[in-house]
Number of protein chains: 2
Amino acid sequence: MNAELIAVGTEMLLGQIVNTNAAYLARTLAHLGIGSRYQQVVGDNQKRLDGAITVAEKRSDIIVLMGGLGPTPDDLTKQTLAAHLGRELVTDANHHDKLVAMAKRKQQALTPNNLVQAMLPSGATPLTNHNGLAVGAFMEDGGHRYVLLPGPPREFKMMVDKELVPLLAGQQQQVLASETMHFFGLGESALVTEIGDIIAEQGNPTVAPYIGDYEVELRLTARADNDEDAQAMIAPMRTGILQRIGQYYYGSGDKTLAAHVVHALEDAGATITAAESLTAGAFQSALGSVAGASNVLNGGFVTYAPSAKEQLVGVDADVIASDGVVSAATAQAMATGAQRTLGADIGVGLTGVAGPDGLEGHPAGTVWIGLAVGDHVTATEFHFQGSRNDVRGRAVKSALLMVLQALKK
Amino acid sequence: MNAELIAVGTEMLLGQIVNTNAAYLARTLAHLGIGSRYQQVVGDNQKRLDGAITVAEKRSDIIVLMGGLGPTPDDLTKQTLAAHLGRELVTDANHHDKLVAMAKRKQQALTPNNLVQAMLPSGATPLTNHNGLAVGAFMEDGGHRYVLLPGPPREFKMMVDKELVPLLAGQQQQVLASETMHFFGLGESALVTEIGDIIAEQGNPTVAPYIGDYEVELRLTARADNDEDAQAMIAPMRTGILQRIGQYYYGSGDKTLAAHVVHALEDAGATITAAESLTAGAFQSALGSVAGASNVLNGGFVTYAPSAKEQLVGVDADVIASDGVVSAATAQAMATGAQRTLGADIGVGLTGVAGPDGLEGHPAGTVWIGLAVGDHVTATEFHFQGSRNDVRGRAVKSALLMVLQALKK
């Protein structure tokens with residue numbers, strides 16, 4: 001069972017947008033056990049799109065057309081597919097009503113181009129567009145399955161998740177269960193080596209690695225006759241993975257590392273603050289990116305210059321003079337200084353050398369992270385690779401992980 | 001003259017990575033006046049890759065193969081192309097020497113797979129890999145041009161920019177000059193409508209829009225017999241664009257908006273600070289992302305809770321009680337409070353409702369940005385669309401633009 005993904009849009013041929021939809025859908029289909037051997041990108045051209053469909057029919061079972069369902073003259077995907085299959089276009093009442101309501105609200109006339117968005121090939125199953133106006137479609141014809149999906153990523157992802165996945169899963173005999181495990185602090189090739197035996201022996205469940213921002217995800221997917229059995233099959237693989245690389249694991253699911261930290265702080269009824277030098281607010285901003293951050297974060301500091309470390313969080317000038325800003329002593333003093341000034345339960349101090357130049361004899365990438373939890377304060381040294389902003393990003397994530405690990409003790 | 005981009009890699013078919021290389025190269029080729037009508041993605045499979053090359057030869061002039069030049073058994077792109085063209089593989093001395101030196105440094109043996117990285121089809125022009133070990137290649141054969149490029153984006157982009165572009169440009173009769181103009185505060189479809197006449201009438205120079213993070217870029221490209229003439233052709237189009245949407249323009253080139261701000265502050269010999277509520281450090285972090293930020297940023301505040309606004313930057317409790325935190329008065333007080341506490345020339349205050357819930361009767365997306373420059377303080381109200389983090393991101397950019405505009409007066 002193979003799918004072929006055909007992205008339609010001249011803007012992709014001009015490099016104006018990146019084809020993120022293809023990666024999202026390919027990943028989703030792989031999790032359903034549906035493989036893919038080919039992807040194509042064609043422009044807004046009926047003849048070339050028709051040719052691409054013909055090529056795909058010779059070698060793939062499921063043909064997915066992504067994009068070109070909109071109201072402009074360039075949007076011709078559904079018309080091309082309908083003509084290719086010799087089907088008329090018919091109107092889906094639900095999406096037609098949405099179009100009419102939208103036009104009323106905006107006091108605009110509905111042009112024929114607009115109305116096409118609510119149409120689909122006769123006999124197809126409509127796929128609801130929860131985030132837009134263009135209806136998607138699924139149909140079977142001549143031994144192939146065809147899918148029409150809208151281009152805008154918000155509309156695309158929602159339709160894939162809410163409409164296409166249940167439809168395809170429902171056509172399968174078995175049930176799938178999966179878990180996405182998140183790891184930080186180990187690069188992808190090293191991680192894959194550590195669990196090399198598990199990867200080599202996989203059958204059911206499968207394990208697939210994905211790279212995130214300085215993180216690695218492992219997606220475990222099991223198939224069985226029912227959900228309970230599928231879930232149970234995941235557990236031994238999960239255990240085996242944790243035995244090998246558990247020290248880098250921070251959680252499963254869709255939550256960001258920052259969300260794990262904010263929720264753990266909420267569960268502990270604890271508040272947090274920070275004094276940030278090289279990261280200049282990025283650590284606190286990560287916390288602020290999580291809804292509910294106000295329950296755990298009241299405020300904090302950016303202490304970029306040595307003078308600000310002294311003035312804002314009371315770091316002793318003598319400590320800076322003797323140890324330098326890139327030191328355990330300064331990192332700890334920043335953590336406790338912020339913690340005490342704001343009366344928070346936890347204080348974090350981030351100081352180091354983002355680069356590209358070295359500082360105080362330390363090479364770019366040298367970072368000290370201080371952590372004050374109640375009366376106890378520690379500092380940990382790191383050496384991060386990469387650009388200035390790689391160093392800052394890795395420092396933020398290391399600090400988040402330190403806080404999470406402290407809360408789990 | 002049409003190019004066809006073929007990305008080679010099973011990881012793309014599994015959705016494990018996004019095909020950013022294709023967008024980068026398509027954009028680069030478009031700027032050279034080389035169009036593209038098709039893109040393909042195939043897996044690490046010799047038979048299917050050979051088939052993809054054959055398909056491409058029927059319809060495109062330049063065939064670019066991206067990825068699969070590495071040292072593992074899955075890497076077979078150059079072998080497949082060489083076999084397809086009936087050419088032997090020969091060793092490039094420079095890349096061979098690099099491999100030998102690397103192996104010596106790591107005290108590793110060089111396997112045959114490793115050595116293949118330094119090989120290319122006989123008669124091809126080597127393209128130097130400045131960031132890795134696999135040599136790229138360019139060759140002409142039977143009326144087509146073929147290009148081999150490595151997969152890792154750092155290696156890919158460098159080879160495209162430093163090796164492929166000069167080679168292709170050198171094969172052209174004319175010279176290209178271009179300018180990338182950056183706009184913030186106007187969505188892409190509105191912007192494209194504002195300059196609709198310029199877009200419709202374009203010939204030489206061309207103008208192409210690109211979407212960034214809450215920004216729009218316009219790339220103007222002119223071709224002429226020499227660089228001076230090409231540059232001169234850009235000027236009238238640039239002027240026409242600025243006449244229509246100049247109020248949203250913040251600069252040209254490759255610099256981020258934050259870099260424009262840091263450099264403008266450096267030029268003015270001015271220091272900056274901020275008190276951030278909803279953005280929680282993201283504004284200061286944006287400044288900190290620019291090398292040289294320490295020349296203009298000594299420190300600042302995250303004042304997430306009302307109590308921190310009072311404690312850290314001296315916002316009057318009465319002001320919060322009467323006007324609320326989402327107000328001009330509070331934004332101004334935050335800006336001047338931070339400015340005075342740190343003795344900075346410029347102070348910025350960011351306060352508002354990130355969402356998803358409303359606050360003090362204001363809907364999500366309501367943001368006040370206070371700006372204190374010397375003795376003068378103002379506040380501006382915004383209503384941003386999108387998710388919680390869209391609101392925060394747009395607030396940061398709006399604040400950066402306000403600072404830049406203040407410095408340019």
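If you're wondering where the values come from, they're calculated on a predicted model, not measured in any experiment. Every chain is numbered from 1 and lettered A, B, ... according to where its sequence line falls, protein lines coming before strand lines.
Heavy-atom neighbours of chain B within the stretch residues 307-315 of chain A, taken at a separation under 4.5 angstrom, comprise Ala308(A), Gln311(A), Leu312(A). Residues from residues 271-280 of chain A that place a non-hydrogen atom less than 4.5 Å from a non-hydrogen atom of chain B comprise Thr279(A), Ala280(A), given in numerical order.
The residue among Ile211(B), Thr303(B), Leu342(B) with the most heavy atom pairs within less than 4.5 Å of chain A is Leu342(B). Between chain A and the residues Ala30(B), Ser387(B), Pro306(B), Ser36(B), the most heavy-atom pairs under 4.5 angstrom are made by Ser36(B). Comparing Gly43(B), Ser294(B), Ala22(B) by how many heavy-atom pairs each has under 4.5 Å with chain A, the most go to Ser294(B). Counting heavy-atom pairs under 4.5 Å between each of Glu11(B), Gln284(B), Arg27(B), Arg392(B) and chain A puts Arg392(B) at the top.
For Ala7(B), no part lies near chain A; criterion is any non-hydrogen pair under 4.5 Å. At a 4.5 Å heavy-atom cutoff, the contact between Val290(B) and chain A is made by backbone atoms alone. Contacts of Asn19(B) with chain A are made by backbone atoms alone, with heavy-atom separations under 4.5 Å and no side-chain atom involved. When heavy atoms are compared at a cutoff of 4.5 Å, Ala23(B) approaches chain A by way of both its backbone and its side chain. For Arg37(B), the parts lying under 4.5 angstrom from a heavy atom of chain A are both the backbone and the side chain. Residue Leu25(B) does not touch chain A at all, counting heavy-atom pairs closer than 4.5 Å.
Under a 3.5 Å cut-off, the side chain of Asn298(A) and the backbone N or O of Ala305(B) do not form any donor-acceptor pair.
In this structure, the side chains of Val18(A) and Val18(B) come closer than 4.5 Å at one or more pairs of heavy atoms.
Counting heavy atoms of neighbouring residues, nucleotides and ligands inside a 6.0 Å radius, atom CZ of Arg154(B) does not exceed 12 of them.
Taking Gln40(B) as the reference, Glu4(B) meet the side chain to side chain donor-acceptor pair (under 3.5 Å) condition, with sequence neighbours excluded.
The ring pair (Phe, Tyr, Trp, His ring centres under 6.0 Å) analysis of residues 28-56 of chain A, with sequence neighbours excluded, yields the pairs His31(A)-Tyr210(A).
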